[in-house]
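Have a look at the structure below before the remarks.
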2 protein chains.
Amino acid sequence: ILQTKNLGKIYEMGEIKIPALKDINLDLKAGSFVALEGPSGSGKSTLLNICGLLDKQTTGELFFNDSNITDLTAKQITQIRRDKIGFIFQGFNLVPVMSVYDNVEYPLFLNNVSNKKRRLQTIDILKKVGVAEYAKHLPDKISGGQKQRVAIARALIKKPPLIIADEPTANLDTKTATDIIDLMHQMAAEYKTTFIIATHDKRMSQRCDKIIKLEDGALK
Amino acid sequence: ILQTKNLGKIYEMGEIKIPALKDINLDLKAGSFVALEGPSGSGKSTLLNICGLLDKQTTGELFFNDSNITDLTAKQITQIRRDKIGFIFQGFNLVPVMSVYDNVEYPLFLNNVSNKKRRLQTIDILKKVGVAEYAKHLPDKISGGQKQRVAIARALIKKPPLIIADEPTANLDTKTATDIIDLMHQMAAEYKTTFIIATHDKRMSQRCDKIIKLEDGALK
Ligand SMILES: Nc1ncnc2c1ncn2[C@@H]1O[C@H](COP(=O)(O)OP(=O)(O)OP(=O)(O)O)[C@@H](O)[C@H]1O
Ligand SMILES: Nc1ncnc2c1ncn2[C@@H]1O[C@H](COP(=O)(O)OP(=O)(O)OP(=O)(O)O)[C@@H](O)[C@H]1O
Ligand SMILES: [Mg+2]
Ligand SMILES: [Mg+2]
């Protein structure tokens, strides 16, 4: 479902160039449940952002479902990102002026789902991640781990073929983390969802089928 | 150094009352290195915010260095918070328009430290947490674990008698987390700093002298 060839990323800050990724070659089959490990600053978030079509690589190529992303228009890329990819951000990135419920429901609006179906799916995923009782709260009125689970619910609600998760269990106690990992595995089993998960949490990586390691922007 | 008696906190959201803390009794001696554990939503951040004088309890009393906080003026409380307490926030809370260097140096301005001394102390702590090379970056141009370490450096720089840390290792790989925990222990040994650390990270809590457990806002 996802392939990269000689992928590189250089951040430019004025004169300074920061090589965040170097020559990354990946080939992920649909249904993979993969952990991406590596020290702080090694390039995990950068790689996930590029795989999730949120950022563009500097060099090399990216293939999504066998189409070369470089050949697509910005409009087509946005369409793929909305329909096919769920993203759990390291900083959660919840919309501060929308309630938990509205934050999680939002991706379904982009899909023209009926009102009744939208309501059922939103309540269902909120219950599954354990934050249903906070549906009306604004994001700044809940705990860190609750925010994390709202971000997870929002990424999962459309059951997209690819889910990219950046440190999804960082703020969760072990019981809650286990429930979330179970939920991810259930989705993978039921919908053949592919998961790419940046994590330094052993509770998470030991439940992945494969571990990819990054160091200083390069694959080990 | 810190004591609470029958401490309670109720968040009010219109009609709804959320009892986040119930009847908390604590007595921490100077130099303690304490972990605060508990499930997501159990009240850890709420308790830390009250102990760090960032929020007020609804019921009960809080004593800092034996003075009852309820007897102090808002001005006095702000003074104590600035001089005596370093806080590492669960969401980092870095100032987005200031560089990493400026974010970390900032607490020293409130202390009338000389320019030269401020520079030495800032560079020293940035090196100790391993983010010195990012000194000129804005906070949104570094990795999650690097942001976490900037937040840590900012709390530690004044070597305050009390440091309150909310999930300080959540975004750190094991090697980096170990270095940070070593640094905290060095400070505790050298300056008799008291640490209260909310965490669900076993790598952190197993290196604390004492573990306090919260469940549904109450001590277990
Ligand atoms: N500003 C607020 N207004 C209303 N309720 C709040 C507010 N902040 C937190 N809460 C609620 O109070 C309870 C305790 O929250 P707190 O942030 O202290 O939990 P926590 O133990 O730090 O959780 P986590 O491990 O997920 O960070 C939670 O149920 C949360 O939803
Ligand atoms: N927008 C940016 N501009 C410049 N440099 C950046 C930017 N974002 C990240 N970097 C740098 O690129 C490198 C890789 O960052 P990235 O966020 O991908 O690391 P990471 O592996 O996710 O780290 P962590 O485990 O701490 O989250 C880091 O050295 C970081 O400072
Ligand atoms: Mg990251
Ligand atoms: Mg918290």
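Within every chain, numbering begins at 1; the chains are lettered A, B, ... in the order of the sequence lines, protein sequences first and strands thereafter.
Only the side chain of B:Ile18 comes within contact range of chain A, with heavy atoms under 4.5 Å apart. Only the backbone of B:Thr169 comes within less than 4.5 Å of a heavy atom of chain A; no side-chain atom from C-beta onward does. With a 4.5 angstrom heavy-atom cutoff, B:Thr176 touches chain A only via side-chain atoms.
A salt bridge between A:Arg207 and A:Asp182 is present, with a side-chain N of the basic residue lying under 4.0 Å from a carboxylate O of the acidic one. A salt bridge links B:Lys9 to B:Asp55: at least one charged side-chain nitrogen sits closer than 4.0 Å to a carboxylate oxygen. A:Lys147 and A:Asp140 are not joined by a salt bridge, as no carboxylate oxygen comes within less than 4.0 angstrom of a charged side-chain nitrogen. The pair B:Lys5-B:Glu61 does not meet the salt-bridge criterion, since no charged nitrogen lies less than 4.0 angstrom from a carboxylate oxygen.
For residues 32-44 of chain A, the interface with chain B (any heavy-atom pair closer than 4.5 Å) comprises A:Gly38, A:Pro39, A:Ser40, A:Gly41, sorted by residue number.
Taking the six-membered ring where tryptophan is involved, the planes of B:Phe109 and B:Tyr106 are tilted, since the angle between them lies from 30° to 60°.
Chosen from B:Gln148, B:Glu167, B:Met13, the residue pairing most often with chain A at heavy-atom distances under 4.5 Å is B:Met13. Contact count versus chain B (heavy atoms, under 4.5 Å) is highest, among A:His137, A:Lys141, A:Lys175, for A:His137.
A:Arg203 and A:Thr178 share no side-chain donor-acceptor pair at under 3.5 Å. With hydrogens and angles left out, the side-chain atoms of B:Tyr11 and B:Thr46 include a donor and acceptor closer than 3.5 Å.
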Steps toward side chain to side chain contact (heavy atoms under 4.5 Å, CB included) verdict (A:Arg154, A:Asn93): CA-CA 11 Å; A:Arg154 179 178 62 178; A:Asn93 291 13; 4.2 Å; yes
